[in-house]
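Presented below is the structure to which this report refers.
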Amino acid sequence: MTGTVGTVPAPVAPLAFDLTGRTAVVTGARRGIGAAIAAALLDHGATVVVCGRDAAQVDAQVEQLGRRGRGKPVGCVGDLTTQAGREQLLRTAGAVDILVNNAGGFTRPVTALQSTADEWDEQIALNLTVPFLLCQAVLPGMVQRRWGRIINIGSVVATAPQPDNAIGYVAAKSGLVGFTRQLAVEVARYGVTANVVNPGTVATEHLLDYFAAADEGVGEESLSSRIPVGRLGRPDEIAAVVPFLASDAGAFTTGAVIDINGGAVTA
Ligand SMILES: NC(=O)c1ccc[n+]([C@@H]2O[C@H](COP(=O)([O-])OP(=O)(O)OC[C@H]3O[C@@H](n4cnc5c(N)ncnc54)[C@H](OP(=O)(O)O)[C@@H]3O)[C@@H](O)[C@H]2O)c1
């Protein structure tokens, strides 16, 4: 079959994941999944602003990412739960084409019965409110330029509850799905996409912190046994999908929830 199908025109140029000329912000890119996402975006030619709370660690990360030889890493130091931290990030980045809300997590497993209101607020702030505020800040520019990509990093816990988690974190990650789908509908006509990537259990430093804080018996072996692939994921296996979502090839992928979890049906 040749020509067009219905009203859909054939592409005028070959689709690719080339991100040359695009500026990306990756929150929480100092280590773990965020660092792998920053590396993947750099490898596709983007300028990538990496942000964390410790200046020396951010500097070291920028230096290491710079050695990849593609794209341009730029460091930014700040706590994103503060307005000053967010403003610093947005000043450093300038016009943002791609926003990856990756910074997140929780400090200790806590049930609904145990959680204090402060813990709940902290988990909602970092995992849901900060992504919302950053989206709100970059969207006017994206809408004006008729191009933008929002990629929110959620968690398998949004669909597969598990023991030894943090109730506010689960609520926030579940909220991120609804928020992103609604946002996708609101901005679709302006060439802006919004998607969620929900990782399963991934071997990062955060996971080591989690093992230290969790009940005895919770460790790599017990978590791997819940995953059909039979092992934990690697950060690069989550990051692999991000250049596609961030590229022109991802223009029709919006409001999607992409599960990358080794086939886990329970987290
Ligand atoms: N690892 C998993 O198994 C897993 C599973 C499902 C979902 N996820 C999600 O994937 C994302 C990344 O997880 P990860 O395991 O790679 O986490 P991680 O190793 O703990 O890294 C989290 C990053 O977020 C940054 N961060 C934390 N709080 C911040 C704040 N207030 N302001 C600025 N930066 C802050 C940290 O940087 P600094 O410490 O330098 O500030 C760090 O770079 C999170 O959203 C997490 O919920 C992870």
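None of the values given here were measured: they were computed from a predicted structure. If you read the sequence from its start, that first residue is 1, and numbering goes on from there. Both ligands and their constituent atoms are indexed starting at 1 by order of listing.
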Query raised in the report: With a 3.5 Å cut-off and no angle check, do the side chains of Glu186 and Gln182 form a donor-acceptor pair?
Result: yes

Query raised in the report: Is the shortest N/O to N/O distance between Gln57 and ligand 1 below 3.5 Å?
Result: no

Report summary line: Within 4.0 Å of some non-hydrogen atom of Gly32, the atoms of ligand 1 are 16 (O)

Query - Option nearest atom 22 (C) of ligand 1 (shortest heavy-atom distance, choices Gly104, Gly78, Gly105, Cys51) - result: Gly104

**Report entry** Leu232 and ligand 1 - part of the residue with a heavy-atom distance under 4.0 Å
**Finding:** neither

Report task. Between His206, Glu122, Gln61, Arg53, flag the one that comes closest to atom 28 (N) of ligand 1 by a heavy atom. Result -> Arg53

Query raised in the report: So which of Thr27, Ile33, Asn102, Thr81 gets nearest to atom 11 (C) of ligand 1, if we judge by its closest heavy atom?
Result: Asn102

**Report entry** Under 3.5 Å: donor-acceptor pair, side chain of Gln57, backbone of Asp54
**Finding:** no

Report task. Return each pair, listed once, that meets side chain to side chain donor-acceptor pair (under 3.5 Å) where at least one residue sits in residues 96-110; pairs must be two or more places apart or across chains. Result -> Asn101-Asn152, Arg108-Glu119

Requested in this report: Please write down residue, atom name and distance for the protein heavy atom closest to atom 3 (O) of ligand 1.
Outcome: Val202 N, 2.8 Å

Report task. Before signing off on this row, confirm whether Lys173 and ligand 1 have an N or O atom pair separated by under 3.5 Å. Result -> yes

Requested in this report: Taking ring pair (Phe, Tyr, Trp, His ring centres under 6.0 Å) as the test, write out the residues that go with His44, two or more places apart.
Outcome: none

Requested in this report: Could you say whether the N/O atoms of Leu126 and ligand 1 ever approach to under 3.5 Å?
Outcome: no

Report task. Mind checking whether Thr204 contacts ligand 1 via backbone (N, CA, C, O), side chain (CB onward), both or neither, at a 4.0 Å heavy-atom cut-off? Result -> side chain

Query - Residues Gln88 and Arg91: side-chain donor-acceptor under 3.5 angstrom - result: yes

Query raised in the report: Is the backbone N or O of Val110 less than 3.5 Å from a side-chain atom of Ser115, with the two atoms forming a donor-acceptor pair by type?
Result: no

Query - Options Ala56, Ala203, Pro199, ranked by nearest heavy atom to atom 6 (C) of ligand 1, top entry - result: Pro199

Query raised in the report: Taking only heavy atoms of Ala103, which atoms of ligand 1 are found under 4.0 Å from at least one of them?
Result: 24 (O), 26 (N), 35 (C), 45 (O)

Query raised in the report: Going by distance alone, is a donor N or O of one side chain under 3.5 Å from an acceptor N or O of the other, for Asp18 and Thr20?
Result: yes

Query raised in the report: Of the protein's non-hydrogen atoms, which lies at the shortest distance from atom 40 (O) of ligand 1, and what is that distance?
Result: Arg30 NE, 2.8 Å

Query raised in the report: What about Ser155: any of its N or O atoms under 3.5 Å from an N or O on ligand 1?
Result: no

Report summary line: closest protein heavy atom to atom 4 (C) of ligand 1 is Gly200 O, 3.9 Å

